[in-house]
Amino acid sequence: MRLNVRRPLDSPLVCGALGVLVLLAAEEAAGRLGLFSTLQFPLASTVLVNAAELIVDPDFLMDIVATVLAWALGLLLTVVVAVPLGLLLGSVPPVERALRPLIEFMRPIPSVAIIPLASFIFSERLDMKIAMILYASTWPILINTMYGLREVDPVAKETLRTFGFSPLQVLWRVSLPSTAPFIATGIRLAATIALILAISTELLAGGSEGIGTFIILAGSSPDAVTLTIAATFWAGVLGVLANGAFVRAERRLFRWNAARAGATL
């Protein structure tokens, strides 16, 4: 009888951490060997020291709070808007056909290109960040919801209709539970996009707080490059934490879906 022993290197988290450590060590070694200018590309150790100092700086912590607040509010509003809209478009073909040209026109427009226009419309920076997040993050949730509805077992829906269930009851009892994993994946993708738009809006539209605003102000300091990279490092950490939290939530909520997917492989 063979025991299924999991080695440390089998863990994606361990492998990812080792990859980051190797990359940082390589950059540190190359800088100390003089392969590039440390004025333009600071040593990894210098950046990490500055990043550690930033995370205990009350002003920078307030900037993080401002960015996270806009991210959370924008993502919540996006879910409230995009999920019902996706269910409507996926359940009522005439509505989907009527709105499809508009969706296909708006979806490819780069969200960052709309930030200057949004700055004229919204006087409050928080409102502008939420609006930009709503626009950019709607698409993955909307498309995933519509796609998930197409994957619902037609036999299950037809069975409920045969027993006299209304279209709304079929949607609630069969379509929505089957589509939930697709919606969750869309929300996870939208969460990353929302963080990007929150920081991008702060960078391009300015304001008084936020990680993007800190990066702009850091550009005029003596340690501009190091501070910019250090602040960007924490932005990346926020993205990793958010994605990891949503992945864990998906696995806990939809274990049955993961098991079914594994069984079909």
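Heavy-atom basis, side chains included; hydrogens, waters and symmetry copies ignored. Just so it is clear, the model here is predicted, and its values are computed rather than measured.
- Residues Leu189 and Ile183 do not share a hydrophobic cluster, clusters being chains of Ile/Leu/Val/Met/Phe/Trp/Tyr side chains in contact below 4.5 Å.
- Within the 4.5 Å cutoff, side-chain heavy atoms of Ile55 are placed close to those of Ile64.
- Rounded to the nearest 0.5 angstrom, Ile115 CD1 and Thr201 OG1 are separated by 4.0 Å.
- Of the inter-residue distances, the one linking Leu168 atom CG with Ser175 atom OG reads 10.5 Å to the nearest 0.5 angstrom.
- No side-chain donor-acceptor contact under 3.5 Å links Glu151 and Ser178.
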### Task
Could you walk me through whether Arg107 and Ile143 pass the side-chain contact (heavy atoms from CB on, under 4.5 Å) test, one step at a time?
CA-CA 10 Å; Arg107 191 159 60 97; Ile143 300 302; 4.3 Å; yes

### Stepwise side-chain contact (heavy atoms from CB on, under 4.5 Å) check, Arg32 with Leu43
CA-CA 8 Å; Arg32 292 189 180 277; Leu43 296 174; 3.9 Å; yes

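- Using a 4.5 Å heavy-atom cutoff, the side chains of Asp57 and Leu61 are not in contact.
- More than 12 heavy atoms of other residues, nucleotides or ligands sit less than 6.0 Å from atom CZ of Phe122.
- Of the possible polar contacts, one joining the Glu202 side chain to the Ile211 backbone as a donor-acceptor pair under 3.5 Å is found.
- Minimum interatomic distance between Leu54 and Phe60 (heavy atoms only, all atoms of both residues): O-CD2, 3.4 Å.
- For Glu124, the CD atom counts as loosely surrounded, since its 6.0 Å shell holds 12 or fewer non-hydrogen atoms of other residues, nucleotides or ligands.
- With a 4.5 Å cut-off on side-chain heavy atoms, Trp139 and Met106 count as touching.
- Glu27 places a side-chain N or O within 3.5 Å of a backbone atom of Ala44 that can act as its donor or acceptor partner.
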Exercise answer: donor-acceptor pairs, residues 225-246 side-chain atoms, under 3.5 Å, sequence neighbours excluded:
{"residue": "Thr228", "atom": "OG1", "partner": "Ala224", "partner atom": "O", "Å": "2.7"}
{"residue": "Thr232", "atom": "OG1", "partner": "Thr228", "partner atom": "O", "Å": "2.7"}
{"residue": "Trp234", "atom": "NE1", "partner": "Ala51", "partner atom": "O", "Å": "2.8"}

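- Nearest heavy-atom pair across Gly212 and Leu203 is O-CD2, 3.4 Å.
- The heavy-atom pair separating Pro58 from Val56 by the smallest distance is CD-O, 3.4 Å.
- Met128 CE to Leu204 CG: the interatomic distance, rounded to the nearest 0.5 Å, is 9.0 Å.
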### Task
Give the C-alpha distance, both sets of side-chain angles, the deciding distance and a yes or no for side-chain contact (heavy atoms from CB on, under 4.5 Å) between Val20 and Leu24.
CA-CA 6 Å; Val20 172; Leu24 292 177; 4.0 Å; yes

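- Side-chain contact of Ser45 with Glu28: a donor-acceptor pair under 3.5 Å is present, judged by distance alone.
- Of the possible donor and acceptor atoms, none in the side chain of Thr46 sits under 3.5 Å from a partner among the backbone N and O of Pro42.
- Nearest heavy atom pair, residue Gln169 against residue Gly164, reads OE1-O, 4.5 Å.
- Under the 4.5 Å side-chain heavy-atom criterion for ILVMFWY residues, no single connected hydrophobic cluster contains both Val81 and Val79.
- Clustering ILVMFWY residues whenever any of their side-chain heavy atoms sit less than 4.5 angstrom apart, transitively, puts Ile133 in the very cluster that holds Tyr135.
- Residues Leu160 and Val174 meet the side-chain proximity criterion, which asks for heavy atoms closer than 4.5 Å.
- Both Ile103 and Leu85 are part of a single hydrophobic cluster, where members link through side-chain heavy atoms under 4.5 Å apart.
- Residues Met146 and Val92 share a single hydrophobic cluster, defined by chaining ILVMFWY side chains whose heavy atoms lie under 4.5 Å apart.
- A donor-acceptor pair under 3.5 Å is absent between the side-chain atoms of Ser91 and the main chain of Leu88, judged by distance alone.
- Between the CH2 atom of Trp71 and the CD1 atom of Ile199 there is a distance of 11.5 Å, given to the nearest 0.5 Å.
- Nearest heavy-atom pair across Leu134 and Thr78 is CA-OG1, 3.4 Å.
- Annotation: the span from Leu195 atom CG to Thr67 atom OG1 amounts to 7.5 Å, rounded to 0.5 Å.
- Considering only heavy atoms from C-beta on, Val83 stays 4.5 Å or farther from Leu142 through its side chain.
- Using a 4.5 Å heavy-atom threshold, the side chains of Ile193 and Pro140 count as touching.
- The minimum heavy-atom distance linking Thr145 with Gly86 is given by the pair CG2-C, 3.7 Å.
- The shortest side-chain heavy-atom distance between Glu250 and Thr185 falls under the 4.5 Å cut-off.
- Here the straight-line distance linking atom CZ of Arg188 with atom CG of Asn144 works out to 9.5 Å at 0.5 Å rounding.
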#### Entry: Worked verdict on Phe105 versus Ile109 for side-chain contact (heavy atoms from CB on, under 4.5 Å)
CA-CA 8 Å; Phe105 171 76; Ile109 298 176; 4.2 Å; yes

